[in-house]
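In the text below, chain A, chain B and the rest are named by the order of the sequence lines, each starting its count at 1.
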Amino acid sequence: MNESQHLLASNEAATTEHQAVEATTATAEHSAAPANEANAHVTEAHAEAHDVPPAEVFTHLFSELGDHHGIVLFGHVADLPLIFVDNGKVDFYTSEHSMEAAGTYTMHKGHPVKKVDSNPPQLDLSVTNYVFFQWVAMLLIFVVMRLVVGKYKKNPKKAPSGLQNAIEALVVYMRDTVVYANIPVKRAADRLLPYFLTVFFFILTVNLLGMVPGGHTATSSLSVTGALAIIAFFVINVTAVQEAGVGAWFKHLLGGAPIGLAPIMIVVEVLGLFVKPFALAMRLFANMSAGHMILLVLMGLIFFFKSIWVAPASVLFALFINCLELLVIFLQAYIFTTLTAVFTGLAIGDHAHGEEHAHH
Amino acid sequence: MDGFLSVSPGVMIWTLINFIVFMLVLAKFAWKPLIGSLSEREHAIQDAISRAEDANLRAQQILKENEEKMAKSQQEMMEIVREGRTQAQAQIQKALDEAELVKKAKLAEATAEIQRERDVAMQSLRTEVSNLVVMATEKILKEKVDAVQQKKVVDAYIDEIQKN
């Protein structure tokens with residue numbers, strides 16, 4: 001949401017007509033989502049005042065979708081630290097200001113580059129808004145879970161209530177219908193349960209933070225979903241090797257086809273190994289980006305047509321998209337977790353050795 | 001729009017670190033106690049249910065036994081009542097029979113007594129009448145008649161009357 005507020009702010013210096021539009025959109029924002037009042041004012045101070053011609057409205061809006069080196073929290077722009085690794089040298093700056101002041105790096109189109117040759121540093125480990133909101137999500141989940149655990153400790157063997165009840169419903173659902181239902185080996189399922197619970201609550205909370213005014217959806221970055229998919233890749237394959245054995249894992253690459261088809265099957269199956277997590281990453285990324293893009297486009301229409309009369313339609317659609325997004329948030333967290341569990345179960349196959357073999 | 005689809009290795013590395021550290025922390029401080037408490041409670045509930053089922057089964061059994069006992073005692077009671085009734089009936093019958101017998105005996109005795117009394121009365125009446133007649137005849141006739149002879153005449157006379 002705050003991307004459009006950026007735009008509002010950037011139009012601040014423009015004509016009175018613009019200001020009228022701005023006011024309407026600010027109110028519109030309120031009805032679309034429980035926006036923070038402070039946000040509407042404060043972004044103005046933050047923005048560099050430059051006018052955006054209608055033709056470039058959408059380009060400008062979408063440029064706000066990437067990662068940033070600052071966040072807007074309750075009306076204040078908080079700087080996030082920048083960390084660069086270049087030629088074995090680690091540079092740490094608390095803000096863009098101190099970075100510019102130090103003189104080694106400068107900002108070019110929102111990305112830090114070296115002043116000497118205008119090349120980006122070898123590794124940019126800066127704490128961007130995506131990283132920051134992951135931390136917020138982690139803190140939130142940790143606090144909530146500790147509260148819930150405290151409640152279990154306080155009155156064990158009692159019926160759950162309140163927050164405990166809500167969390168328990170999700171945890172039990174994940175455990176029974178996602179993990180246990182899809183992973184045939186109980187031992188593996190038990191071992192992987194913490195991973196699946198973490199991945200579900202992490203994605204869910206990160207997604208939800210994107211709905212909070214001033215918040216950013218870290219899962220609308222391919223870097224974040226890619227990292228989650230890399231972990232999923234290792235979970236799937238390490239579990240398969242542990243439970244079914246290396247031999248079975250390699251045999252799996254044949255896909256059950258006769259040995260003569262090996263040249264084709266191995267290519268297909270090896271591709272499949274990587275396509276599955278890649279699809280996970282793309283699905284989550286695309287779903288979480290799409291909602292935000294639509295919201296930006298809807299708000300951008302007002303500025304594109306430079307007409308106040310577009311606002312009601314935009315706001316109404318934005319409200320609808322917000323509701324849809326809320327559904328998608330839960331759905332995508334569930335789908336990522338479930339598909340990882342399904343892939344893990346498939347990778348183990350019925351080659352599982354050990355206690356489970358007795359039942360076959 | 002540029003950079004929107006690009007992958008930033010920095011953010012990726014951060015995400016990997018974040019997630020793995022977070023998973024380890026949560027596994028120790030959240031999931032382990034949470035799942036532990038959950039399964040503990042599930043076991044407790046399962047135990048309670050099976051105990052309740054057992055108790056229910058036992059209660060059902062006891063109920064069935066009790067019902068059987070009650071039915072049996074009811075039957076016994078009915079039998080006793082029936083027996084009592086037949087016994088009472090028999091007693092009454094016996095009493096009635098006895099009473100009938102006694103009545104008949106008494107009646108017969110009374111009849112015999114009456115007969116005897118009547119005979120005696122008749123005898124004494126006969127004697128009295130004959131005496132009266134003799135005396136009356138003696139007075140009327142004022143003549144001494146041999147009592148024996150007289151008596152013979154009167155007896156013959158009475159016999160004649162009796163025959164009539």
Side-chain angles (χ1 to χ4, degrees), chain A residues 58-59 62-63 65-67 83-85 109-111 121-128 130-131 134-135 137-138 141-142 144-146 148-149 151-153 156-160 167-168 171-172 175 190 193-195 197-199 201-202 218 221-228 230-231 285 289 293, chain B residues 1-70:
Chain A
F58 296 113
T59 328
F62 287 150
S63 73
L65 272 177
D67 42 0
I83 306 161
F84 305 124
V85 181
K109 286 185 181 169
H111 294 287
Q122 282 176 342
L123 184 58
D124 180 359
L125 273 179
S126 302
V127 178
T128 64
Y130 290 154
V131 180
Q134 286 180 38
W135 290 348
M138 285 157 71
I141 301 170
F142 187 79
V144 166
M145 290 306 164
R146 285 311 294 174
V148 169
V149 167
K151 210 161 174 191
Y152 275 109
K153 290 270 180 287
K157 293 173 187 180
K158 286 256 177 68
I167 296 296
E168 185 182 311
V171 169
V172 169
R175 186 191 62 181
D190 278 338
L193 190 54
Y195 162 74
L197 289 174
T198 310
V199 96
F201 281 102
F202 184 72
S221 155
L222 207 46
S223 315
V224 175
T225 60
L228 292 175
I230 288 172
I231 296 168
F285 155 73
S289 306
M293 283 174 95
Chain B
M1 198 68 185
D2 73 311
F4 174 62
L5 275 168
S6 70
V7 172
S8 148
V11 174
M12 218 162 185
I13 290 170
W14 270 120
T15 308
L16 286 174
I17 296 170
N18 281 351
F19 186 83
I20 290 168
V21 170
F22 188 47
M23 182 170 68
L24 295 177
V25 168
L26 276 193
K28 185 162 178 1
F29 293 106
W31 305 137
K32 204 175 162 212
L34 213 154
I35 297 287
S37 313
L38 262 181
S39 56
E40 214 171 278
R41 200 182 64 205
E42 274 163 8
H43 283 141
I45 291 171
Q46 200 55 51
D47 277 0
I49 288 175
S50 47
R51 265 207 309 276
E53 267 171 8
D54 280 356
N56 191 25
L57 215 69
R58 238 191 10 251
Q60 217 103 46
Q61 211 169 345
I62 289 170
L63 192 73
K64 212 174 135 194
E65 272 170 24
N66 280 351
E67 267 171 9
E68 268 168 21
K69 264 185 205 161
M70 237 154 84

With chain B, which of [options] has the greatest number of heavy-atom pairs at distances under 4.5 Å?
{"options": "A:Val131, A:Ile167, A:Leu197", "answer": "A:Leu197"}
{"options": "A:Ile230, A:Thr128, A:Val199", "answer": "A:Val199"}
{"options": "A:Asp124, A:Ile231, A:Ile83", "answer": "A:Ile231"}

Examine whether an atom of [X] lies under 4.5 Å from a heavy atom of chain B, and if so say whether it belongs to the side chain, the backbone or both; otherwise answer neither.
{"X": "A:Phe84", "result": "neither"}
{"X": "A:Lys151", "result": "neither"}
{"X": "A:Val85", "result": "neither"}
{"X": "A:Val171", "result": "side chain"}
{"X": "A:Leu125", "result": "both"}
{"X": "A:Val149", "result": "side chain"}
{"X": "A:Val144", "result": "neither"}

Q.
Quick check for you: to the nearest 0.5 Å, what is the distance between B:Asn18 atom CG and A:Met138 atom CE?
A.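 Spacing of CG (B:Asn18) from CE (A:Met138) equals 4.5 Å.
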
Q: Determine the minimum heavy-atom distance between A:Leu123 and B:Gly10, stating which atoms define it.
A: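 Smallest interatomic distance, heavy atoms only, reads CD1-N, 4.0 Å.
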
(Q) Looking at every heavy atom in both A:Pro160 and B:Arg41, which two are closest together, and how far apart are they? (A)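 Looking at all heavy atoms of both residues, the shortest contact is CD-NH1, 3.5 Å.
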
Q: Check each atom of B:Ile17 against the heavy atoms of chain A and say whether the ones under 4.5 Å are side chain, backbone, both or neither.
A: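 Looking at B:Ile17, nothing touches chain A.
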
Q: Examine whether an atom of B:Leu16 lies under 4.5 Å from a heavy atom of chain A, and if so say whether it belongs to the side chain, the backbone or both; otherwise answer neither.
A: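 Both the backbone and the side chain of B:Leu16 come within 4.5 Å of chain A.
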
Q | Contact winner vs chain A - B:Leu26, B:Leu38, B:Ile13, heavy-atom pairs under 4.5 Å | A |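 Most heavy-atom pairs under 4.5 Å with chain A: B:Leu38.
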
Q.
For the interface with chain A, which of B:Ala27, B:Ser8, B:Pro9 has the highest count of heavy-atom pairs at distances below 4.5 Å?
A.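 Ranked by heavy-atom pairs under 4.5 Å with chain A, first place is B:Ser8.
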
Q. Got A:Trp135 and B:Trp14 here, is their nearest side-chain heavy-atom distance under 4.5 Å?
A.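 Yes, side chains in contact.
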
Q | Pair A:Phe202-B:Met23, side-chain contact (heavy atoms from CB on, under 4.5 Å): steps then yes or no | A | CA-CA 9 Å; A:Phe202 184 72; B:Met23 182 170 68; over 6 Å; no

(Q) Taking NZ in A:Lys153 as the centre, count heavy atoms belonging to other residues, nucleotides or ligands within less than 6.0 Å. Is the count above 12? (A)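 Yes - once you tally the heavy atoms of other residues, nucleotides and ligands closer than 6.0 Å, there are more than 12.
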
Q. For A:Thr198, which residues count as a side-chain hydrogen bond (donor to acceptor under 3.5 Å, both in side chains) partner, sequence neighbours excluded?
A.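 side-chain hydrogen bond (donor to acceptor under 3.5 Å, both in side chains) list for A:Thr198, sorted by chain: B:Trp31.
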
Q: Determine the interplanar angle of the A:Tyr195 and B:Phe19 rings, folded into 0 to 90°, and report it as parallel if under 30°, tilted if 30 to 60°, perpendicular if over 60°.
A: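 Perpendicular, since the angle between the ring planes exceeds 60°.
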
